[in-house]
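The next block holds one structure in the form of structure tokens; read it before the comments.
The shown structure was predicted, so the numbers you read here are calculated from the model rather than taken from an experiment. Every chain is numbered from 1 and lettered A, B, ... according to where its sequence line falls, protein lines coming before strand lines.
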Amino acid sequence: MSCLTLQASALTFPAPPYSNTLSNDSQDNASKNISSISLLRKCRTFKEIPPIHANILKNGHQNDPFIVFELLRMCSKTNSINYAFEIFHHIREPNVYLYTVLIDGVVLSGLYLDSIRIYCQMVEDLILPDNYVISSVLKACGFQMELKFGREIHGQATKLGLCSNRSVKLRLIELYGKCREFQDAKRVFGEMPERDVVAATVMISCYSDHGLAEKAVDVFNLVRIKDAVCWTAIIDGLVRNGEMSKALKFFRRMQREGVRPNEVTCVCILSACAQLGALELGKWVHSYLEMHDIDVNHLVGSALITMYSRCGDIDEAERIFNVLRERDVTTYNSLIMGCALNGKSGKAVEMFQGMITKGIRPTNITFIGVLTACSHGGLVDLAFDIFDSMETKHGIEPEIEHCGCMVDLLGRVGHLEDAYKFIWSMKITSDHIIWGSLLSACRIHKHFDIGERVAQVLVDIGDADSATFILLSNFYAAQGKWEAAAQARVKLQDGGVRKEPGCSSIEVENEIHEFLLGDTRHPKREEIYKKLEDLNQMLRLKGYSPDTEVISQDIGDQEKKWALAIHSERLAICYGLISTKPHTTIRVVKNLRVCSDCHSAIKLITEITGRNIVLRDRNRFHHFENGICSCGDYW
DNA sequence: GTAGGGTTAG
């Protein structure tokens, strides 16, 4: 057997320091064994384990494989893998059961390479693998994407006659699926006696992981009796591939077919609601959780907080946070980012400081949240303090996203030269996103000299995407350099990259209605455009005149005014005005940044109609009320 | 007397 391509170097197995007096077979010892085992099985936290372990040592049971098995199992269940290693090192002759339970624990801790090494050690010790240990090590190979070694294990399993085992087959499908070897995954899937719902679920999530949502749906359709987990896998796959409407359709179908969603299903649907800004559906899921007594653990809690905060209801997000039974870093991350997006910078910083005081360790995501908050709130000094503390106090190396927050912040407050220097001083390589963010700030602050330098860098680094060409085009257009602007547009088309069209959506009676620029596809288009015309007249009476500078194409003034008036967010707002009750809040989600002209127009629209309007754009929330926006015209 | 099916925040 040649499985030693990976060295068993990380782990050594010292000789046992204990004397090897095995317990005798007396009735007394047997009952002690059973009581240790049942005690261990009752453990819920790690701190209960050492006293029992001490007792086992005292009674000389440290070499009883059944007791040690239970000890190791409890260590991995209570997330104490180092203690498990310690125990394992002292076992004289570990058998396949003990190796398996250790490998499982190591896999659970995410130490996939270590678990593979332990398996190698086992084979070196001439212990014959069984289907359980093969399944365990295959799981490690899948998560580590260790295809070559995984194939070797597959070969060993075939020689040992273990490949007919269902668990082994499931793990093989998972291994090949995670490694994008779908031919092999399908071959094993086809060998399964029936179209197995669990195997199908594995296939579905692997296809979804690799962006192959259609293939995932094909597999899903093959399954005759679909359970909640299988439904959840396809819904989650669609959500993660950006197919929100399809995901919601599957969710409705799931309920029509009488399959009860579980808490994981709810997390996935809440994530879809958060991305769509579908508050009504999100609320429905929330009440569903309450009605069906589904446990709101920290993941469900985080999903609820994210849903409410991304739908603009930050008060409800805070309320959920406050009543949660368990709060961990994920719940904090969700609310910190929620506060940041909703313009509550102070609250976000307060939460961040609070979690540190409570001893909860922040993650890289926490810093993206709190730095975004600083950026949106213009808190320069505080942002630098926090940014510097990442490495010095928290041992987290800043990534490009964190640097991006800093550049965004310096750009917003008009410190453009500082931002420029900051990018050059970064330890990590800059990208077109960070330079693009600075270019955008240069355009807003009309700092064309720095902008020209930034534009040159962007052209030089040559990894520009469609958004970059649009930024460049808009930058030149803002200076009236129409030819350069047009050239950037030509490059955009030459590169075969298309501009992401501006799209706004609004949820009315549980339906999501989407609008593009000048969209005329909606069944109520006539009423919508009539409303738009009425509003335009009222806007003119209020002294509003369109700021045509924001339109960067070289077209006539009259055309520019029209192009602004039919921006997708205005169409969505008009649909909201005609289809919802007076005084209710209108909530619109836009995929791009709102332009300054629409921003001014919407402020006036809240004055004219007496409605509150909540607009979520690509970067943040704008809560419009009585002619004022929560962003303080600073975004 | 030792043992597991798949799905989860940003």
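Contact annotation for S167(A): no contact, since no heavy-atom pair falls under 4.0 Å across all strands. Among the heavy atoms of the strands lying under 4.0 Å from D130(A) is at least one base atom, whether or not backbone atoms are also near. Within the nucleic acid shown, N333(A) comes within 4.0 Å of at least one base atom, counting heavy atoms only. In this structure, V197(A) reaches the bases: a heavy-atom distance under 4.0 Å links it to at least one base atom across the strands shown. Residue contacts shown for T331(A) are absent, as no nucleic acid heavy atom lies under 4.0 Å away. Within 4.0 Å of N297(A), counting heavy atoms only, lies no atom of the nucleic acid at all.
Screening K590(A), H623(A), R620(A), R587(A) against L615(A) for a side-chain contact (heavy atoms from CB on, under 4.5 Å) leaves a single residue, K590(A).
For T232(A) and dG6(B), a side-chain-to-base donor-acceptor distance below 3.5 Å is absent, hydrogens and geometry of angles not being considered.
Comparing atom distances between the A233(A) side chain and each of dG1(B), dT2(B), dT7(B) picks out dT7(B) as nearest. Side chain of Y97(A), nearest nucleotide from dG4(B), dT2(B), dG5(B): dT2(B). Looking at the side chain of D196(A), the nearest of the listed nucleotides dG5(B), dG4(B), dG6(B) is dG5(B). Of the listed nucleotides (dA9(B), dG6(B), dT2(B)), dG6(B) has the atom at the smallest distance from the side chain of V198(A). If you check dT2(B), dT7(B), dA9(B) against the side chain of N262(A), the one that comes closest is dT7(B). Residue R73(A) places its side chain closer to dA3(B) than to any other of dT2(B), dA9(B), dA3(B). If you check dA3(B), dG6(B), dA9(B) against the side chain of V229(A), the one that comes closest is dG6(B). Taking only side-chain atoms of V264(A), from C-beta outward, the nucleotide of dG4(B), dT8(B), dG6(B) with the closest atom is dT8(B). Closest contact between the side chain of S136(A) and the listed nucleotides dT7(B), dG1(B), dG4(B) involves dG4(B). Of the candidate nucleotides dT8(B), dG6(B), dG1(B), dG6(B) has the atom lying nearest to any side-chain atom of T201(A).
The shortest distance between the side-chain N/O atoms of R171(A) and the OP1/OP2 oxygens of dG6(B) is below 4.0 Å. Proximity of R41(A) to the phosphate of dA3(B): a side-chain N or O atom is located under 4.0 Å from OP1 or OP2.
E257(A) CD: more than 12 foreign heavy atoms inside a 6.0 Å radius.
dG5(B) atom C1' lies 5 Å from atom CZ of R166(A), rounded to whole Å. Spacing between atom CZ of F251(A) and atom C1' of dT7(B) amounts to 14 Å, rounded to whole angstrom units. Note: CE (M351(A)) to P (dA9(B)) measures 19 Å, nearest angstrom. Distance, L299(A) CG to dT7(B) P: 14 Å, rounded to whole Å. A straight line from CG of N131(A) to P of dG5(B) spans 13 Å, rounded to a whole angstrom. Put simply, CG on L238(A) is 13 Å from C1' on dT7(B), counting in whole angstrom units. Computed from coordinates, the I204(A) CD1 to dG5(B) P distance equals 18 Å when rounded to whole Å. The distance from atom CG of L222(A) to atom P of dG6(B) is 21 Å, rounded to the nearest whole Å.
Among all heavy-atom pairs drawn from C179(A) and E146(A), the shortest one is SG-N, 4.5 Å.
Side-chain N/O atoms of T232(A) and T265(A) include a donor and acceptor closer than 3.5 Å. When only modelled atom types and interatomic distance are considered, E326(A) and N297(A) share no side-chain donor-acceptor pair under 3.5 Å.
Here the side chain of N59(A) pairs no donor or acceptor atom with the backbone of H61(A) at under 3.5 angstrom.
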Check against side-chain contact (heavy atoms from CB on, under 4.5 Å), F69(A) and I37(A): CA-CA 9 Å; F69(A) 178 86; I37(A) 288 174; over 6 Å; no
